[in-house]
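The next block holds one structure in the form of structure tokens; read it before the comments.
Keep in mind it's a predicted model, so treat the numbers as computed, not measured. Throughout, a chain's letter reflects where its sequence line sits, starting with A, and its residues are numbered from 1.
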Amino acid sequence: MTLAELVCPAGTPAALKNAVDAGADAVYCGFRNATNARNFPGLNFSPDEMEASVAYAHSKNAKVLMTLNTYPPAGEEALWREAADMGVRFGVNAFIVADMGVARYIAETYPDARLHLSVQAAASSPEAIRYYCENFGVKRVVLPRILTIPEIRAIRAEIPCEIETFIFGNHGLMVEGRCSLTNYATGLSTNLDGVCSPPAQVDYRRQAGNCVSSCLAGHVIDRFRDGEMAGYPTICKGRYTAPHRPEGYYAFEEPVSLNLAHMLPQLIEAGVHAFKIEGRQRSKSYVRAVVSAFRQAIDDIAAGGAADLDHLVSLTEGRKQTQGAFATKKWR
Amino acid sequence: MAKKTDGVQLTLGPVAYHWSEAKKRDFYARIADEAPIGTVYLGEVICSKRAPFFERAMPAVIDRLKRGGKRVVLSTLAEVVLPRERKATAALCRQEDFEIEINNAAGLYARSGKPHRIGPFMNAYNEATIAWMGSQGATHVCLPPELPGASFGAAAAAASAAGLETEAQVFGRAPLAVSARCYHARAHERHKDNCQFVCENDPDGMPLTTLEGERFLRINGIQTQSETYLCLAGEVPDIIAMGIRHLRLLPQDVDMVAVARTFHALACGALEPMAALDRIGELCAGTRMSNGFFHRAAGERYIAPEARTRVLV
């Protein structure tokens, strides 16, 4: 059985070090600006930090995949190009890109640079993936979290590049790279600014009847009873009413985390080359715990054994877990 | 000397909703006969399950629109995953009889090099992307609705340099997200595969209201839209001055002929922007207007003229 690469989140230099030390084959990270899709306060890397972190990762035989996966608005492309230039200078192992203009710039300027297609490019068919492979030399695609395992296997047979899939963490509901819900409510764009549900516009309001409402830019996204853990207000995880649902319901998805721990052997068999753990916004201790657990699991599977991952439940913050779209088409 | 409004035309985007065949026939008949619209985009962009319902009526509708002097462009699906969606996209992109507007990279792959338009779902946000698309056969680009107005001029200039025409949405609910999952079916406790086409009951989308009773979003099958109607009536003169010649109206369940007449008068300079905005407000009574995306504010907001920082022209 081919061993799949374990790709881990690094929101900070400390998280990067923890992920590498815990056995990550590769880490993904970006600069502290709009050029990457986790542009949150307190996260990401200055140029100096990036350079030092790449050196650290390489000293431990881990790769660094640089996230350059947002879309420059017209008039502002220079920031993305400068980020690519620095990434090449620091020796990152690949760029994770979504925008065709950014992909074109790197492919033309640095023909030896390796390109991965971000989930933000929303390439969900063999034809779309081949478009990016043939035109920009993309070597790996990060698949949207909307495909079943048989569908992944079928895509694998029809594309000339590697496949990376998310296996653990936050479960995006919308087609990534095609969602402007946050911009609609807050004025900050996921695609252009790298921001989803910005913390500066989040607040929790105590309401009558011992309730707490979680709000984004003044909109009530969900409501919790006293003692219940109040979730973070993300529009696609919110509770609303509709004409047929006056009681209020999770219109898009229950608040659940993705956990494909029990599907790892099937995913490997389907031809997945790399497993991605979500969570650049997570603490270094979370990253260390999750990466260690999955390192052990993948090594156990490679050795022909069964992986025990039940204890990962405690890391999902008491949330229900889902295998999402991967298990059955009925998810749709 | 040419007037700056020369060559400006209104376009009508595809109907996003699952309107019945009869409703669509009637709608397009009126558009053909009465609306001052230059180009009409036709086709199912949101849900491949809906497509067969209108296919039968398509030839007659196309014929009617052409007799009314409209240019007809066929639009492809925004989300392409299933075999039937891949086949439909490839077939549309390989035909030679009609101009097409592509909304997914699978379509770009099938079209490779032959002329086509770039739809609003294609994320053509910047100069390099537009130039690349032009080098691959694109002749026309519709900017993403969330692109700030400050970027319109640079995008239009890049398009023009690469030989493309530029289009921007000026009216209708903003498309905010698509998913693999059908939220209309989910609201009715069904799956996408057994949805029984409940979306047909919501010709202007299904409202989602916050737990505090605030109207927030609209569901249209796999698509999520704004509760507000994006309306750039107040910005149309600036948009034209930035070199954008095609102004897109999205079909809503209101008097679209009257909406088109209002925007036409505005684009010709026969109606002042604020008067046009008032008129649109009357035609869409009960729905809030928004222009936040253009002003790089929350998309749902309406930024009044006195509060605007003037965008560069």
Side-chain angles (χ1 to χ4, degrees), chain A residues 71-77 99-102 104-105 121 123-128 130-132 135 144 146-147 151 173-175 177-181 183-187 189 191-192 213 217 219-223 235-236 238-245 248-249 251-252 325 329-332, chain B residues 78-81 85-86 89-90 104-106 108-110 121 123 125-129 131-133 136 145-148 150-152 154-155 158 174 176-183 186-188 191-193 206-212 214 216-217 219 224 226 292-293 296-300:
Chain A
Y71 294 85
E76 299 176 31
E77 291 173 322
D99 180 64
M100 290 184 197
V102 170
R104 179 91 177 133
Y105 172 75
S124 49
S125 68
E127 292 77 19
R130 285 203 294 260
Y131 179 83
Y132 288 94
N135 288 306
I146 60 171
L147 300 161
E151 285 169 341
L173 265 297
M174 300 307 181
V175 175
R178 299 291 182 276
C179 175
S180 38
L181 288 170
N183 196 4
Y184 181 65
T186 71
S189 163
N191 279 354
L192 305 174
S213 293
H219 303 287
V220 172
I221 303 300
D222 204 349
R223 189 175 282 170
I235 295 172
C236 67
R239 199 159 15 162
Y240 308 95
T241 65
H244 285 77
R245 306 299 290 271
Y249 73 121
F252 305 103
K329 285 198 289 184
K330 286 193 173 152
W331 178 85
R332 292 171 185 152
Chain B
E79 177 67 349
V80 179
V81 181
E85 295 161 353
R86 295 166 60 194
T89 300
N104 186 288
L108 296 182
Y109 183 79
F121 295 93
N123 285 3
Y125 285 109
N126 58 59
E127 301 93 321
T129 296
W132 160 255
M133 289 169 162
Q136 301 301 301
E146 71 162 340
L147 186 71
S151 291
F152 277 30
L176 297 180
V178 286
S179 172
R181 177 179 258 186
C182 177
Y183 301 120
R186 182 173 166 85
H188 293 263
H191 304 300
K192 193 170 166 184
D193 285 348
M206 180 186 83
L208 281 188
T209 303
T210 70
L211 297 179
E212 260 185 356
E214 176 202 18
F216 189 34
L217 299 167
I219 294 301
T224 306
S226 64
F293 285 141
R296 213 161 191 170
E300 66 172 344

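Of all heavy-atom pairs spanning A:Ala74 and B:Ser151, the tightest one is O-OG, 2.8 Å. Closest non-hydrogen pair, B:Met206 versus A:Ala242, comes out as CE-CB, 4.0 Å. Residue B:Glu146 comes nearest to A:Leu192 through the heavy atom pair O-CD1, 4.1 Å, listed as atom of the first residue, atom of the second, then distance.
Interface remark: B:Phe216 contributes backbone and side-chain atoms alike to the contact with chain A (heavy atom separation under 4.5 Å). In this structure, the portions of A:Ser189 lying under 4.5 Å from any heavy atom of chain B include both its backbone and its side chain. Both the backbone and the side chain of B:Glu127 come within less than 4.5 Å of a heavy atom of chain A. Heavy atoms closer than 4.5 Å to chain A are found in the side chain of B:Gln136, but not in its backbone. For B:Ala297, the part sitting under 4.5 Å from any heavy atom of chain A is the backbone (N, CA, C, O) and nothing else. Proximity to chain B (any heavy atom under 4.5 Å) is shown, for A:Tyr105, by neither the backbone nor the side chain. The parts of A:Arg130 that come within reach of chain B are both its backbone and its side chain, each placing non-hydrogen atoms under 4.5 angstrom from that chain. Interface remark: B:Thr209 contributes backbone and side-chain atoms alike to the contact with chain A (heavy atom separation under 4.5 Å).
Ranked by heavy-atom pairs shorter than 4.5 Å toward chain B, the options A:Gly248, A:Cys236, A:Ala185 are led by A:Ala185. Comparing A:Asn183, A:Asn135, A:Thr186, A:Ile235 by heavy-atom pairs within less than 4.5 Å of chain B, the highest count is held by A:Asn183. For chain A, the option among B:Leu176, B:Leu147, B:Leu108, B:Thr129 with the highest count of heavy-atom pairs below 4.5 Å is B:Leu176. Comparing A:Tyr71, A:Tyr184, A:Tyr131 by how many heavy-atom pairs each has under 4.5 Å with chain B, the most go to A:Tyr184. When each of B:Ala128, B:Ala90, B:Ala131 is checked for heavy-atom pairs under 4.5 Å with chain A, B:Ala128 comes out on top. Here B:Ala187 is the residue among B:Ala155, B:Pro207, B:Ala187, B:Gly292 with the most heavy-atom pairs under 4.5 Å with chain A. The residue among B:Val80, B:Leu217, B:Asn104, B:Asp193 with the most heavy atom pairs within less than 4.5 Å of chain A is B:Val80. Of all the listed residues (A:Arg223, A:His219, A:Arg104), the one sharing the greatest number of non-hydrogen pairs under 4.5 Å with chain B is A:His219. Of the listed residues A:Glu77, A:Met174, A:Arg245, the one with more heavy-atom pairs under 4.5 angstrom with chain B than any other is A:Glu77.
Between the side chains of A:Asn191 and B:Tyr125, at least one donor N or O lies within less than 3.5 Å of an accepting N or O.
Using a 4.5 Å heavy-atom threshold, the side chains of B:Glu214 and A:Val220 count as separate. Using a 4.5 Å heavy-atom cutoff, the side chains of A:Glu76 and B:Pro148 are not in contact. Side-chain contact between A:Phe252 and B:Thr224 is present, with at least one heavy-atom pair separated by less than 4.5 Å. Proximity of A:Arg178 to B:Asn123: side-chain heavy atoms (C-beta onward) are separated by under 4.5 Å at one or more points.
Listed by chain and residue number, A:Tyr240, A:Tyr249, B:Leu208 satisfy the side-chain contact (heavy atoms from CB on, under 4.5 Å) test with A:Ala251 (two or more places apart in sequence, or in another chain).
The backbone N or O of A:Ile221 lies less than 3.5 Å from no partner atom in the side chain of B:Thr210, so there is not a single donor-acceptor pair.
Residue A:Ser180 holds its OG atom at 4.5 Å from CZ of B:Phe293, rounded to the nearest 0.5 Å.
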